[in-house]
Amino acid sequence: MKFINQFPIENFPIKNILLILFFFLFLAGIALIVSGMKILAENKLAKILTLILGIVLLIISFFSAIFVVMFGYNS
């Protein structure tokens with residue numbers, strides 16, 4: 001617990017934490033798209049669902065990150 005208290009909240013503002021979270025979600029969306037492209041052709045439903053989920057995750061994380069950068073989120 002002493003290690004956690006060593007870093008005050010000013011060192012890790014909520015805005016930076018959210019941007020890091022959205023960056024990881026963006027990477028997850030890219031990973032879903034790449035894995036969806038590599039799924040074999042005989043399993044078309046899984047391929048389509050993975051691609052759609054990856055694209056939706058990319059769009060949501062991208063626009064959320066833009067919203068956080070433009071309007072900020074500090075509490």
Side-chain angles (χ1 to χ4, degrees):
M1 193 66 169
K2 188 175 182 181
F3 179 75
I4 293 173
N5 292 335
Q6 184 179 5
F7 301 106
I9 193 67
E10 292 87 26
N11 289 347
F12 299 110
I14 301 295
K15 183 177 182 180
N16 291 345
I17 293 172
L18 285 175
L19 287 175
I20 292 170
L21 174 72
F22 292 139
F23 176 71
F24 284 128
L25 287 176
F26 190 80
L27 289 179
I30 291 174
L32 278 171
I33 290 175
V34 169
S35 66
M37 294 165 87
K38 291 186 175 191
I39 292 177
L40 298 176
E42 59 247 6
N43 199 352
K44 290 185 181 184
L45 181 63
K47 183 175 192 166
I48 292 171
L49 286 176
T50 306
L51 287 173
I52 290 173
L53 184 63
I55 291 170
V56 167
L57 196 59
L58 275 176
I59 291 171
I60 289 173
S61 63
F62 182 71
F63 284 119
S64 298
I66 288 177
F67 182 79
V68 168
V69 169
M70 287 178 62
F71 300 112
Y73 185 83
N74 292 322
S75 48

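Just the heavy atoms: all of them, side chains too, but no hydrogens, waters or symmetry mates, feed the values below. Residue numbers start at 1 and run along the sequence shown.
The shortest distance between side-chain heavy atoms of Phe23 and Leu19 does not fall below 4.5 Å. Side-chain contact check for Lys47 versus Asn43: every heavy-atom pair is 4.5 Å or farther apart.
For Thr50 against Ser35, the heavy-atom pair with the smallest separation is CG2-OG, 3.7 Å.
Transitive grouping of hydrophobic side chains (ILVMFWY, heavy atoms separated by less than 4.5 Å) keeps Ile20 and Phe62 in distinct clusters. The hydrophobic clustering, which links ILVMFWY residues whose side-chain heavy atoms are closer than 4.5 Å, places Met70 and Phe63 together. Cluster annotation: Ile39 is not connected to Ile52 through the hydrophobic network of ILVMFWY side chains, with a link wherever side-chain heavy atoms come within less than 4.5 Å. Neither Ile66 nor Leu27 shares a network with the other; the hydrophobic side chains, linked directly or stepwise wherever heavy atoms of I, L, V, M, F, W or Y lie under 4.5 Å apart, form separate groups for each.
Every side-chain contact (heavy atoms from CB on, under 4.5 Å) that Ile60 has, sequence neighbours left out, goes to Val56, Ser64. Qualifying ring-ring contact (aromatic ring centres under 6.0 Å, His included) partners for Phe67, counting only residues two or more places apart in sequence or in other chains: Phe71.
A side chain to side chain contact (heavy atoms under 4.5 Å, CB included) with Ile30 holds for exactly one of Leu57, Leu25, Leu58; it is Leu58.
Apart from Leu49 itself, the hydrophobic cluster it occupies contains Leu45, where clustering links Ile, Leu, Val, Met, Phe, Trp and Tyr at side-chain heavy-atom distances under 4.5 Å.
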